[in-house]
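For reference, the structure discussed in these notes is given below.
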Amino acid sequence: MKHHRQTLTLGWVALLSLTAPAFAAGGGEVGWSKTIFHGVNAAILFYIIYRFFGPKVTAGLQSKSKQVARDIDEATRLHAEASARLAAAEADLAALAGKAEALLADLRREGEAERDKLVAQAKAEAERITAEAERTARSEIARVKARLEAELGEMAVEAAARALREKTTPADQRRLAVEYLTRLEERS
Amino acid sequence: MKSSTIALRYSQAVLALATDRKQHEQIGRELDRVAAVFAGSDELRALSRNPKFSVADRKAIVSELLKRLMVSPITRNFVMLITEKGRLQHIAEIVAAYHDQADAQAGRIRAQVTVVAPLAELEAARLRTVLQKMTGKQVVLEQQVDPSIIGGVVTRVGGRIYDGSVRAQLESLRTRLRSPAA
């Protein structure tokens, strides 16, 4: 219906266009008759055109209109799909960001745990080495002390033996023998 | 002293013979002299061990030695016998075994007493008495001088040692000084 009105409007516009020059040329009776003649011719021409070509033009315009509507629908659908994909991608991106954050947090936690473990191991090892060094030092000091004491004891005994050999008199020997006999008598 | 089988066998034989003749004390003293001569002579010890000397050579030398020592026939024959049997190197051990058996037979025990200077008679008698009391046997003291004990007395009797020497006391002191608790 809309197309019909458009076609008629166009026809009338064309008719006026054809008659307008004649009217503009002025002239009395002769001018108007030519104009009417041309108008009739134009109307006939318009009618012919409308009669034979109008449906095809209308069909073409309708087809074009439907094609445009389909294109719009398709574009709308594609837009919706793209929007959905965009939303999904944005959701995936958001999820990925969350996962990346979680992964980073895990890595950070593991790193901290590993760092703590290494620190604890290093501390324990340092304590063990320190204890071992202290034990070795104590042992070495004790060994040296014992050796020095033994050497001092040995020197003291040797000095005593030397002094006794030099200074023991026959009277001392007899006294030692008597003391020995007394001890034996006490045991018997 | 633990005697070897050889020393026991020969010492038992000569002791039995000497006891029969009631000469075991004298034979003991003679054997001591023979053993002392061998102990003090490197040449005689070499004679008893060196195979380049024949039995005849050894017997000739030992016979001359025994003649000079003027020992009794029992001692002479016994020493010649062990020379012939190649046991002369065991003379000291045989004599010790002889004394051990003679002492056991007589109810005696020998005590080896080590001193720096010989004990006076009074102290020796006291020691003999106390040892007789401890062992229940008649004790024969054998004193030997050894300056290394520094002072005091060491007595070995019946397998026991009573060490009252200064050396032992110094050793005890040395041990205490060496011990960690000292």
Side-chain angles (χ1 to χ4, degrees), chain A residues 119-188, chain B residues 109 111-139 141 143-158 160-182:
Chain A
V119 167
Q121 281 179 348
K123 191 176 173 188
E125 182 67 7
E127 286 173 355
R128 189 190 66 74
I129 290 169
T130 304
E132 180 68 28
E134 285 175 356
R135 197 162 43 247
T136 303
R138 280 198 301 274
S139 170
E140 184 65 15
I141 288 168
R143 195 178 64 76
V144 170
K145 187 181 169 196
R147 196 186 69 209
L148 286 174
E149 285 174 348
E151 284 176 3
L152 280 173
E154 193 75 21
M155 288 166 68
V157 170
E158 286 301 321
R162 225 175 7 256
L164 287 168
R165 278 193 196 96
E166 290 168 1
K167 296 183 178 175
T168 304
T169 62
D172 294 329
Q173 294 293 358
R174 183 163 190 182
R175 183 178 50 78
L176 287 168
V178 170
E179 287 173 3
Y180 174 78
L181 288 168
T182 304
R183 284 198 302 275
L184 269 188
E185 285 165 350
E186 286 168 359
R187 287 177 61 172
S188 66
Chain B
I109 192 166
Q112 281 78 43
V113 181
T114 306
V115 287
V116 173
L119 293 174
E121 187 51 42
L122 179 62
E123 281 77 39
R126 272 181 73 184
L127 180 58
R128 196 178 297 112
T129 303
V130 71
L131 292 176
Q132 283 173 355
K133 192 176 172 185
M134 291 167 81
T135 61
K137 293 179 179 175
Q138 187 184 352
V139 173
L141 294 183
Q143 294 192 52
Q144 55 190 46
V145 173
D146 181 0
S148 72
I149 69 168
I150 302 174
V153 182
V154 182
T155 304
R156 293 175 181 80
V157 63
R160 305 190 71 167
I161 299 174
Y162 303 97
D163 194 340
S165 67
V166 173
R167 181 179 64 190
Q169 291 172 43
L170 287 173
E171 281 302 319
S172 172
L173 176 64
R174 192 196 309 266
T175 304
R176 284 206 304 278
L177 290 173
R178 277 180 187 160
S179 68

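We name chains A, B, ... by the order of the sequence lines, and we start the count at 1 in each one.
- For B:V113, no part sits under 4.5 Å from any heavy atom of chain A, backbone or side chain.
- A salt bridge is absent between B:R126 and B:E123: the closest approach of a Lys/Arg side-chain nitrogen to an acidic carboxylate oxygen does not fall below 4.0 angstrom.
- Among the candidates B:L119, B:V166, B:V116, the residue making the largest number of heavy-atom pairs closer than 4.5 Å to chain A is B:V116.
- Rounded to the nearest 0.5 Å, atoms CD (A:E158) and CZ (B:R174) are 5.0 Å apart.
- With a 4.5 angstrom heavy-atom cutoff, B:T155 touches chain A via backbone and side-chain atoms both.
- Side chain of A:S139 to main chain of A:R135: no donor-acceptor pair is present (N/O by atom type, distance under 3.5 Å, no hydrogens or angles).
- By the side-chain contact (heavy atoms from CB on, under 4.5 Å) test, A:R143 pairs with A:E140, A:R147, sequence neighbours left out.
- In this structure, a donor-acceptor pair under 3.5 Å is present between the side chains of B:R176 and B:S172.
- At a 4.5 Å heavy-atom cutoff, A:A146 makes no contact with chain B through either its backbone or its side chain.
- Remark: A:E132 CD to A:I129 CD1 distance equals 9.5 Å, nearest 0.5 Å.
- Using a 4.5 Å cut-off between heavy atoms, A:E151 makes no contact with chain B at all.
- Residues of residues 162-179 of chain A lying within less than 4.5 angstrom of chain B, judged on heavy atoms, are A:L164, A:R165, A:Q173, A:R174, A:L176, A:A177, A:V178 in numerical order.
- The distance from the CG atom of A:L184 to the NZ atom of B:K133 is 11.5 Å, given to the nearest 0.5 Å.
- To the nearest 0.5 Å, the span separating OH on B:Y162 from CE on B:M134 amounts to 3.0 Å.
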